[in-house]
There are 2 protein chains.
Amino acid sequence: MARPRAAARIVEHPDVSEVSLQQLLEALADPVRRMVVSQLARADEDMSCGTFQAPVSLSTLTHHFNVLREAGVIRQYYLGTAKMNTLRTDEMEQRFPGLLSAVLAASVAEGEAGAV
Amino acid sequence: MARPRAAARIVEHPDVSEVSLQQLLEALADPVRRMVVSQLARADEDMSCGTFQAPVSLSTLTHHFNVLREAGVIRQYYLGTAKMNTLRTDEMEQRFPGLLSAVLAASVAEGEAGAV
DNA sequence: CTCATAGTACGACCGCCATCGAAGCACCTC
DNA sequence: GAGGTGCTTCGATGGCGGTCGTACTATGAG
């Protein structure tokens, strides 16, 4: 039967208008989270949670994804067993013009982003 | 006589090239420090440490000034008994293009900066 | 010299957050 | 179904940073 089982895997996202500067800066102030964001920025496609390079355990990484999502930085959705991630670049640009892009540029310049 | 007594009150500042993105973001991630930076940005002249509006004690404020100075955000110098503060706007713009200005703009937009 | 003013240094406290491992749950493949 | 993969949840831990008050130093004014 087509029971509403799929409803169990819906991910909640804040509207960017609900995100505070404080939240965003706290989110970006962590080096691991910045690695995630950088890798996402340089990727051609959306990435699943398991494909990131980071020097922490998987459960810690889950925590960081939550923080980034609640700060409006990333959007997540399920695709089979995988949980995919995208940057909310355009929305963040509207909410905090120039901020995310400046951080990303600086991050790249410093060689962050877990070089391949 | 103009003896070199003033030498005792020289403040050390890092070169902006020595400042890391991590340092800067940590510095800007604190709301009190952002209040300081915002007030400095909207001021016409340099401000002495005692003239800032902040919901913390004076000794705590001293701590925040140190963090901001070590992150290359402000420059400090003595003027009589007062210790003055300036934003290193141009240098930061060179080091992290668009970053400080974006944070300041967002801060203003959110009504931070301890309204007068 | 003496006092007042401006800020610093120090030590203590406390709360928060990044971290982990282990156990659990949802979905896909056989 | 049964098993496996992929990610989450939970509770515990540890360390760092923001906060304060008090004692202290340095400068300027009288």
Side-chain angles (χ1 to χ4, degrees), chain A residues 1-13 22-37 40 46-71 74-86, chain B residues 1-13 20 22-37 40 46-71 73-86:
Chain A
M1 293 191 273
R3 289 189 288 136
R5 291 265 293 286
R9 306 272 271 202
I10 290 185
V11 187
E12 293 288 342
H13 292 84
Q22 182 63 35
Q23 256 182 298
L24 177 60
L25 289 177
E26 279 175 2
L28 296 178
D30 184 283
V32 174
R33 286 194 284 266
R34 234 162 33 242
M35 287 183 67
V36 167
V37 173
L40 215 40
D46 298 357
M47 295 175 66
S48 76
C49 291
T51 58
F52 287 84
Q53 306 288 324
V56 295
S57 76
L58 200 55
S59 61
T60 300
L61 210 46
T62 294
H63 164 66
H64 288 308
F65 284 123
N66 289 339
V67 173
L68 286 172
R69 188 184 63 243
E70 283 158 21
I74 63 174
R75 185 174 296 280
Q76 299 188 292
Y77 60 94
Y78 282 96
L79 197 67
T81 54
K83 193 172 195 177
M84 307 300 293
N85 301 271
T86 326
Chain B
M1 292 193 275
R3 289 188 288 131
R5 290 264 294 287
R9 307 271 271 202
I10 290 186
V11 187
E12 292 288 342
H13 293 83
S20 68
Q22 182 63 34
Q23 257 182 299
L24 177 60
L25 288 178
E26 279 176 1
L28 296 178
D30 185 281
V32 174
R33 286 195 284 265
R34 234 161 34 240
M35 288 183 65
V36 167
V37 173
L40 215 39
D46 298 357
M47 295 176 66
S48 75
C49 291
T51 59
F52 287 84
Q53 306 287 326
V56 294
S57 75
L58 199 56
S59 61
T60 299
L61 211 45
T62 294
H63 164 66
H64 287 308
F65 284 123
N66 290 338
V67 173
L68 286 172
R69 189 185 62 244
E70 283 158 21
V73 179
I74 63 173
R75 184 174 296 280
Q76 300 188 292
Y77 59 95
Y78 282 96
L79 196 66
T81 55
K83 194 173 194 175
M84 308 301 293
N85 302 271
T86 327

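A, B, ... follow the sequence lines: proteins, then strands. Residue 1 opens every chain. Owing to the predicted nature of the structure, the values given are computational and were not obtained by experimental measurement. All values below come from the heavy atoms of this structure, side chains included, with hydrogens, waters and symmetry mates left out.
- The distance from atom CG of L28(A) to atom C1' of dA18(C) is 16 Å, rounded to the nearest whole Å.
- Closest non-hydrogen pair, T51(B) versus S48(B), comes out as OG1-O, 2.7 Å.
- Closest heavy-atom contact between A54(B) and V32(B): CB-CG1, 4.3 Å.
- Remark on DNA chain C: of its neighbouring residues T60(A) and G80(A), the 5'-side contact belongs to T60(A), judged by nearest-heavy-atom nucleotide.
- Checking E26(A) against V56(A), the closest nucleotide of DNA chain C that is more toward the 5' end is the one next to E26(A).
- Candidate nucleotides dA18(C), dC20(D), dT19(D) were compared by shortest atom distance to the side chain of R33(A), and dA18(C) ranks first.
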**Q.** Test log, rule side chain to side chain contact (heavy atoms under 4.5 Å, CB included), inputs F52(B) and M35(B)
**A.** CA-CA 9 Å; F52(B) 287 84; M35(B) 288 183 65; over 6 Å; no
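- Panel note: side chain N85(A), backbone Q76(A); no donor-acceptor pair is recorded below 3.5 Å.
- Residue V67(B) is out of contact with every strand shown, counting any heavy-atom pair closer than 4.0 Å.
- The distance from the CZ atom of R33(A) to the CG atom of L61(A) is 11.0 Å, given to the nearest 0.5 Å.
- Within the 4.5 Å cutoff, the side chain of R34(B) has heavy atoms near those of the L25(A) side chain.
- Look at NE2 on H64(B): it is 12 Å from C1' on dC20(D), rounded to the nearest Å.
- Residue P31(B) comes nearest to Q22(A) through the heavy atom pair CD-OE1, 3.5 Å, listed as atom of the first residue, atom of the second, then distance.
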Q) Can you give one letter per nucleotide of nucleotides 5-11 of chain D, going 5' to 3': B for a protein heavy atom under 4.0 Å from the base, S for sugar-phosphate only, - for none? A) -SBBB--
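- Nucleotide dA26(C) holds its C1' atom 18 Å from the OH atom of Y77(A), rounded to whole Å.
- Comparing the end axes of the helix from dC1(C)-dG30(D) to dC30(C)-dG1(D), each fitted to five base pairs by superposing C1' atoms of four pairs onto the next four, gives an inter-axis angle of 30° (nearest 10 degrees).
- A side chain to side chain contact (heavy atoms under 4.5 Å, CB included) with I74(A) holds for exactly one of V67(A), L40(A), T86(A); it is L40(A).
- Rounded to an integer number of Å, the gap from L68(A) CG to dA18(C) P is 10 Å.
- Among the candidates H13(A), K83(A), M84(A), R9(A), the single residue satisfying the side chain to side chain contact (heavy atoms under 4.5 Å, CB included) test with Y77(A) is M84(A).
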